[in-house]
Amino acid sequence: MSGVNIVLQVIIPVKNRPEIVDCVRSLLVIGYPVTKIIICDGGTTESKCLMALQDLAKLSQVEWFKYTQSDFNKSQLINQGILQASSDYLLISDADIIWNRQGILQLLFPILEPIDLESFSLNTQIQIVKTLPETSSLSAVNNSKKGIICYVRTVAESCLQTTALKRERYTYNIQKGEQIATINIVLAKSRNRERPGCGLLCTRKQTLLSLGGYKESFTGWGWEDQDLLIRATLFGIKICATGNVIHLSHSDAARNQHHQQLPPTQTRDRNIISCLQSLQKGDIFGDLRQPAMLPHPLLKITTNFTPNSSCE
């Protein structure tokens with residue numbers, strides 16, 4: 001088997017975000033293992049973005065799928081991208097991310113199946129050993145039978161004065177027993193110039209399908225990515241973080257431009273509550289219902305979350 005058989009397809013949900021040109025260019029420069037970029041457009045009308053998408057669609061490596069949405073349902077667009085993808089290995093990206101080859105290899109390496117890892121190493125092992133020290137410790141997880149999801153550990157902002165770095169962030173921890181799981185939503189401890197990119201992830205298509213994909217009930221900015229990771233953890237799917245990217249900084253107005261310009265913290269906290277309420281009811285699957293879904297773990301789920309009134 002030749003290493004050229006290992007291909008990575010990228011799914012990018014977008015609506016009225018002209019920055020997607022820079023994102024796609026960063027992926028095209030990387031080349032192999034990125035072979036196709038699947039753009040799922042929720043109904044772009046902004047002229048600059050529309051022209052950019054039309055130009056990108058002329059490239060052989062890019063496919064542009066159009067879906068009419070009254071707002072911007074990111075989860076729904078990603079789910080459509082999953083269905084459109086023909087590769088077993090997928091990368092989920094936002095439209096305003098600048099990727100680098102090392103970061104993508106760091107994300108891909110842990111999730112490769114053993115037979116694919118051997119094939120992939122024929123062309124890239126020397127580079128991995130010399131330039132990707134983090135992957136040596138992560139490679140042990142690639143024997144997980146239920147799957148692996150690897151997300152970006154560090155997102156650097158292109159503008160250090162961005163409001164994104166000032167905003168309080170939430171994370172989660174899960175206490176899991178044989179018959180009960182408790183999900184705690186807590187404030188993230190670190191507040192510096194970097195943050196994790198939980199929605200920028202690499203995994204197998206089969207892993208996403210086994211979870212039912214993403215939940216499409218979230219409205220506005222925030223938490224659809226964490227919801228996926230929480231549900232994956234409840235199913236016993238391994239989660240790891242590695243690599244770094246650059247986020248093209250922008251104002252908060254862009255985050256909820258299709259949701260009445262609501263403050264991002266408002267929609268995020270609302271989505272956290274929606275996520276937890278759904279999990280408490282035992283609704284652990286996403287809305288991409290497929291025959292290949294994992295058996296329900298039949299856990300009783302309890303949750304703890306107190307929104308911080310001081311969040312900006």
Side-chain angles (χ1 to χ4, degrees), residues 74-76 78-79 82 88 90 92 110-111 113-114 137-153 168-190 196-219 222-242 267-308:
K74 182 178 179 182
S75 296
Q76 186 180 72
I78 296 175
N79 279 346
I82 294 169
D88 192 33
L90 302 179
I92 311 298
I111 70 166
E113 287 290 298
S137 61
L138 291 174
S139 60
V141 302
N142 65 14
N143 59 1
S144 173
K145 294 182 179 179
K146 292 186 177 180
I148 301 152
I149 297 175
C150 199
Y151 67 87
V152 171
R153 180 188 296 275
E168 295 274 13
R169 293 187 295 105
Y170 286 109
T171 186
Y172 67 89
N173 62 65
I174 300 177
Q175 299 168 326
K176 188 177 178 183
E178 292 185 6
Q179 296 180 323
I180 188 170
T182 300
I183 302 168
N184 302 298
I185 308 300
V186 296
L187 282 172
K189 293 181 179 180
S190 61
C198 298
L200 311 172
L201 58 87
C202 191
T203 190
R204 295 181 63 200
K205 178 176 180 177
Q206 177 59 37
T207 301
L208 293 173
L209 291 178
S210 71
L211 285 168
Y214 287 73
K215 286 186 177 178
E216 300 176 4
S217 57
F218 300 115
T219 57
W223 206 254
E224 79 290 329
D225 49 1
Q226 300 272 27
D227 172 82
L228 181 84
L229 297 181
I230 289 172
R231 291 187 290 113
T233 302
L234 292 173
F235 277 107
I237 292 171
K238 300 292 184 183
I239 309 296
C240 62
T242 185
T267 55
R268 177 202 60 193
D269 291 359
R270 183 178 63 194
N271 287 340
I272 291 175
I273 293 170
S274 174
C275 160
L276 299 181
Q277 289 176 340
S278 178
L279 292 173
Q280 285 176 320
K281 296 176 182 177
D283 188 5
I284 307 182
F285 292 105
D287 291 309
L288 196 59
R289 301 303 170 101
Q290 297 287 314
M293 291 191 298
L294 289 166
H296 197 291
L298 299 177
L299 290 168
K300 177 183 178 182
I301 297 174
T302 61
T303 64
N304 294 303
F305 172 53
T306 303
N308 185 357

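Worth saying up front: this structure is predicted, and the values here are computed from it rather than measured. Residues: numbered from 1 along the sequence shown.
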How about Phe285 and His296: do any of their side-chain heavy atoms sit closer than 4.5 Å? yes

With a 3.5 Å distance limit and no angle check, can you tell me whether [X] reaches the backbone of [Y] through a side-chain donor-acceptor pair?
X	Y	answer
Asp287	Glu216	yes
Ser75	Lys215	yes
Thr182	Thr303	no
Asp88	Arg204	no
Asn271	Gly222	yes
Lys205	Leu90	no
Arg231	Ile284	yes
Ser278	Ser274	no

Let me see the working for Ile237 and Leu294 under side chain to side chain contact (heavy atoms under 4.5 Å, CB included), right down to the final yes or no. CA-CA 10 Å; Ile237 292 171; Leu294 289 166; 4.2 Å; yes

Let me see the working for Leu187 and Tyr170 under side chain to side chain contact (heavy atoms under 4.5 Å, CB included), right down to the final yes or no. CA-CA 4 Å; Leu187 282 172; Tyr170 286 109; 3.5 Å; yes

Can a salt bridge be assigned to the pair Asp283 and Arg289 using a cut-off of 4.0 Å between side-chain N and carboxylate O? yes

Using the rule given for side chain to side chain contact (heavy atoms under 4.5 Å, CB included), can you reason through Leu228 versus Ile92, listing the C-alpha separation, both sets of side-chain angles and the distance that settles it, and then say yes or no? CA-CA 12 Å; Leu228 181 84; Ile92 311 298; over 6 Å; no

